[in-house]
Amino acid sequence: MTMQSKPYSIKEVTSLSERKAVYQLRHTVFVDEQGISAEIELDELDQDALHAIVTSAETVIGTGRLITVSKTTGSIGRMAVDPSFRRQGVGSLILDFLEHKARKKNLQEIVLHAQEYVKEFYSYLGYRQDGRPFDEVGIRHCTMKKTLVH
């Protein structure tokens, strides 16, 4: 399934070249921009995760992944948007796409670790903070949850 939101296109990663492209974008955002160690940015969860890829004029500009945690719960993470495309609806498009995929898997709840500076973005899209902020990879995060309506 490919969803269009002009001028962006989003779909599930299905090829090795797409996977490499989303890993490169994540490296740019998390390692180069935010200083996260390259050794921990890619992890064992990537292999079984469903990855979204957002393109604009065939350039990869966004990504995120969905992991099935349990029979009823999914986790969205590794959301990254090219800096020149931020605040243009790309993040909302990724979340909407991954939530749609979660519903198709009959998941009932999404959990994510939001960086503190973007928690309002997630709140606006129906996520609620669960618990106190914490430090993850040297960056303040908070756990956020959303119940999916089927």
Side-chain angles (χ1 to χ4, degrees), residues 1-119 121-122 124-127 134-146 148 150:
M1 171 186 142
T2 302
M3 293 170 58
Q4 292 282 103
S5 178
K6 291 183 179 147
Y8 312 125
S9 181
I10 186 167
K11 67 185 251 352
E12 184 175 340
V13 167
T14 56
S15 71
L16 184 57
S17 63
E18 289 173 342
R19 188 175 288 260
K20 286 180 179 177
V22 300
Y23 289 168
Q24 180 56 52
L25 176 61
R26 283 173 34 184
H27 186 91
T28 298
V29 170
F30 298 125
V31 178
D32 297 342
E33 183 183 332
Q34 296 184 350
I36 295 170
S37 167
E39 289 77 39
I40 63 170
E41 199 291 303
L42 293 176
D43 63 24
E44 67 283 350
L45 299 174
D46 279 315
Q47 283 304 98
D48 296 324
L50 182 154
H51 297 268
I53 183 171
V54 183
T55 56
S56 176
E58 299 184 33
T59 299
V60 176
I61 62 163
T63 189
R65 73 179 185 187
L66 172 66
I67 297 161
T68 303
V69 177
S70 73
K71 198 172 178 179
T72 59
T73 305
S75 174
I76 290 177
R78 298 302 201 273
M79 283 190 49
V81 176
D82 181 287
S84 59
F85 286 90
R86 291 183 187 150
R87 300 193 182 282
Q88 296 179 38
V90 178
S92 299
L93 181 65
I94 296 166
L95 267 184
D96 186 55
F97 180 82
L98 293 175
E99 288 173 8
H100 174 79
K101 292 293 187 177
R103 285 185 193 91
K104 293 241 217 232
K105 293 175 174 265
N106 291 316
L107 300 178
Q108 297 166 12
E109 182 179 57
I110 295 292
V111 177
L112 56 82
H113 290 175
Q115 292 184 9
E116 276 267 297
Y117 83 99
V118 289
K119 76 177 185 181
F121 162 77
Y122 292 105
Y124 179 75
L125 295 170
Y127 288 79
F134 57 93
D135 187 77
E136 184 173 44
V137 297
I139 300 170
R140 291 293 280 174
H141 283 74
C142 59
T143 299
M144 300 192 83
K145 294 182 177 182
K146 180 177 183 177
L148 297 178
H150 290 270

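Both backbone and side-chain heavy atoms feed into the values below; hydrogens, waters and symmetry mates do not.
Between the side chain of R26 and the backbone N or O of E41 there is at least one donor-acceptor pair closer than 3.5 Å. E18 places a side-chain N or O within donor-acceptor distance of the main-chain N or O of S15, the cut-off being under 3.5 Å. Judged purely by atom type and a 3.5 angstrom limit, S70 uses its side chain to pair as donor or acceptor with the backbone of T72. Side-chain atoms of Q24 never come within 3.5 Å of backbone atoms of K20 as a donor-acceptor pair (strictly under, hydrogens ignored).
Heavy atoms only, all atoms of each residue included: L93 and I10 are closest at O-CD1, 3.8 Å. Shortest non-hydrogen contact noted between K11 and F97 is C-CZ, 3.5 Å. Here the closest non-hydrogen pair linking L125 and K146 is O-NZ, 2.8 Å. For the pair V137 and I40, the tightest heavy-atom approach, listed with the atom from each and the gap, is CG1-CD1, 3.2 Å. When all heavy atoms of G91 and M79 are compared, the pair lying nearest together is O-CE, 3.6 Å.
We find the CD1-NE2 distance between I36 and H27 to be 11.0 Å, quoted to the nearest 0.5 Å. With values rounded to the nearest 0.5 angstrom, R65 atom CZ is found 5.0 Å from L45 atom CG.
Counting only residues at least two apart or in different chains, salt bridge (charged side-chain N to carboxylate O under 4.0 Å, His left out) contacts with residues 29-40 comprise E33-R86.
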If you apply the rule side-chain contact (heavy atoms from CB on, under 4.5 Å), what do you find for D48 with I67, and how did you get there? CA-CA 7 Å; D48 296 324; I67 297 161; over 6 Å; no
When you look at S92 and Y124, which way does the side-chain contact (heavy atoms from CB on, under 4.5 Å) test go after all the steps? CA-CA 10 Å; S92 299; Y124 179 75; 5.9 Å; no
Set out, in order, the CA-CA distance, both residues' side-chain angles and the distance that settles side-chain contact (heavy atoms from CB on, under 4.5 Å) for N106 and Q108, then state yes or no. CA-CA 6 Å; N106 291 316; Q108 297 166 12; over 6 Å; no
Might you work through the side-chain contact (heavy atoms from CB on, under 4.5 Å) test for I110 and K145, ending with a clear yes or no? CA-CA 6 Å; I110 295 292; K145 294 182 177 182; over 6 Å; no
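For the side chain to side chain donor-acceptor pair (under 3.5 Å) test, residues two or more places apart in sequence or in another chain that qualify with S84 are D82. Checked against side chain to side chain donor-acceptor pair (under 3.5 Å), Q34 has the following partners two or more places apart in sequence or in another chain: Q115. Every ring pair (Phe, Tyr, Trp, His ring centres under 6.0 Å) that H113 has, sequence neighbours left out, goes to F134. For Y127, the ring pair (Phe, Tyr, Trp, His ring centres under 6.0 Å) criterion is met by Y122, not counting sequence neighbours.
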What pairs of donor and acceptor atoms, side-chain ones from residues 49-63 against any protein atom, are under 3.5 angstrom apart with sequence neighbours left out?
unit_1, atom_1, unit_2, atom_2, d
H51, NE2, D46, O, 2.9
T63, OG1, A52, O, 2.7

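With a 4.5 Å cut-off on side-chain heavy atoms, I94 and V90 count as touching. With a 4.5 Å cut-off on side-chain heavy atoms, K105 and T68 count as touching. Under the 4.5 Å side-chain criterion, counting only non-hydrogen atoms from C-beta, E99 is in contact with L148.
Within a 6.0 Å radius of OH in Y117, other residues, nucleotides and ligands contribute more than 12 heavy atoms.
Comment: E12 engages K101 in a salt bridge, judged by a side-chain N to carboxylate O separation of less than 4.0 angstrom.
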